[in-house]
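See below for the structure under consideration.
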Amino acid sequence: MYIELPENVKSIIEVLYSNGYEAYAVGGCVRDSVLGRKPKDWDITTSALPQEVKSLFKKTIDTGIKHGTVTVMIKGEGYEVTTYRIDGVYKDGRHPENVTFSSKLTEDLQRRDFTINAMAYNDKVGLVDQFEGMKDLQEGIIRCVGNPSERFGEDALRMMRAIRFCAQLGFHMDDNTYKAIVQLAPNIIKVSVERIQVELVKTLLSENPDYVQKFQEAGLFIDILPKIDKILSGKYKKSTLTMLKLSEPTAIFRYAALFYSIGYEDIQEILKSLKLDNYTIDTVSKLVSYSKNTIEENEPAVREALHKYGKDMLNLMLKYEKTVIATKEAVTGILLPARKKHLAVIENMVSCIIERGDCFTLKDLDITGNDLIEYGLKGKEVGRVLGLLLDIVIENQKLNDKQTLIALIEHL
Ligand code: ATP
Ligand code: MG
């Protein structure tokens, strides 16, 4: 087995060896390289202690020195170099009480979660694979290193990771590994929402976003995300999963697909509980609820929609509607040509309106608040009149001319 290591990784391994230590690329980067996927980052495991690693490289950062991790900076890029490690007792079902450094690669590989994540590689030794990780990679299986109940008992996050890796790699789960998840699912409450959110969104953004269902099936959602549990077990289950598969792989669209069947308040509540950023919370909840509104097939109505929702949101809504239609067609087997045509007409009108530079915001109006003050209007009256003038212009673009608008004020 040969893996093409990046030059920087080779040189870190080289430096460690020439100083009498061992070092290997390990974990996700080995797994992804074997699969022909581009690794996100390259982690290195070594027999050198953190202080020794620090002394060998010019620029390092103490990323997690207590756990043995030092980031080595080379040409502006960071590589996590971690000392071979044995995790101590896990008392809280999530973190080891302490870690002990080791001089044996075997011991470091043994603490890792899944066989496919427990392989190490360097050019001198080649692939180190003690737990049949290669076999599981070839067969497409996620399997715990060691006894699954023990491993999930130590760290409940691994249960979500197992399902997330299945979704990302299109793998299936080893029977005993899955049984242990079902048995230990209630332990998931020990995991922080931040980590839960990371695993959830990685699953949603994967090539198999419908695997989110497996969290529900295994009992991982009932206690921590009961509302999502309900979506994935209720009558909208099939359409939700279909919509997820048909949605663009962005967090906004995948969350919006997941929440198609519920309302604004519930979406807000779920996304807030997951501690998502305000942009995502706001955009997803609005996107889903606005999409229940229809837009009439005429330009004033479309300009009105552009004014009400904003150009970016309206574009999201149109894409969302396309996915909703595709989902309904897929689930029922009944085609919806009229609804598709309506969407195409609206899309076309939006493009024309934008291309022409039509006026649909106060900013585009040929009259300003100052003009109205000069004209003699005061206080709240200014805003009210501007709004009325905009309504008129949205209806009839020809009237967007300062003199015409001033003349109109008299009639408002
Ligand atoms: P990705 O970065 O694509 O999410 P990864 O496998 O690289 O996947 P990381 O979280 O970056 O995952 O972890 C790197 C390695 O550390 C893993 O491959 C695995 O060997 C080990 N590891 C990570 N988290 C755990 C855990 N909770 N329990 C046991 N080992 C873990
Ligand atoms: Mg990684």
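Each ligand, and each atom within it, is numbered from 1 in the order the structure gives.
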> Does a side-chain N-to-carboxylate-O contact under 4.0 Å join Arg85 and Asp108?
Replying inline: no
> Hey, is the main chain of Glu22 close enough, under 3.5 Å, to the side chain of Thr46 for a donor-acceptor pair?
Replying inline: yes
>> Between Thr361 and Asp364, is there a side-chain donor-acceptor contact under 3.5 Å, judged purely by atom types and distance?
In response: yes
> Quick one: is the NZ or CZ of Lys124 closer than 6.0 Å to the six-membered ring centre of Tyr17, and within 45° of its axis?
Replying inline: yes
Pairs under 3.5 Å, N/O atoms on ligand 1 and on the protein: can you put them in a table with the distances?
| residue | atom | partner | partner atom | Å |
| --- | --- | --- | --- | --- |
| ligand 1 | 2 (O) | Lys40 | NZ | 3.4 |
| ligand 1 | 3 (O) | Arg31 | NH2 | 3.4 |
| ligand 1 | 3 (O) | Lys40 | NZ | 2.7 |
| ligand 1 | 4 (O) | Arg164 | NH1 | 2.8 |
| ligand 1 | 4 (O) | Arg164 | NH2 | 3.3 |
| ligand 1 | 4 (O) | Lys202 | NZ | 3.1 |
| ligand 1 | 6 (O) | Arg31 | NH1 | 2.7 |
| ligand 1 | 8 (O) | Arg31 | NH2 | 3.4 |
| ligand 1 | 10 (O) | Arg161 | NH1 | 3.0 |
| ligand 1 | 12 (O) | Arg161 | NH2 | 3.4 |
| ligand 1 | 16 (O) | Arg112 | NH1 | 3.4 |
| ligand 1 | 18 (O) | Gly28 | N | 3.2 |
| ligand 1 | 20 (O) | Arg112 | NH1 | 3.1 |
| ligand 1 | 20 (O) | Asn117 | O | 2.9 |
| ligand 1 | 24 (N) | Arg161 | NH2 | 3.3 |
| ligand 1 | 27 (N) | Asp155 | OD2 | 2.8 |
| ligand 1 | 28 (N) | Arg158 | NE | 2.7 |
| ligand 1 | 28 (N) | Arg158 | NH2 | 3.3 |
| ligand 1 | 30 (N) | Asp113 | N | 3.2 |

> Is the distance between the ring centroids of Tyr309 and Tyr290 under 6.0 Å?
Replying inline: yes
> How about Leu5 and Trp42: do any of their side-chain heavy atoms sit closer than 4.5 Å?
Replying inline: yes
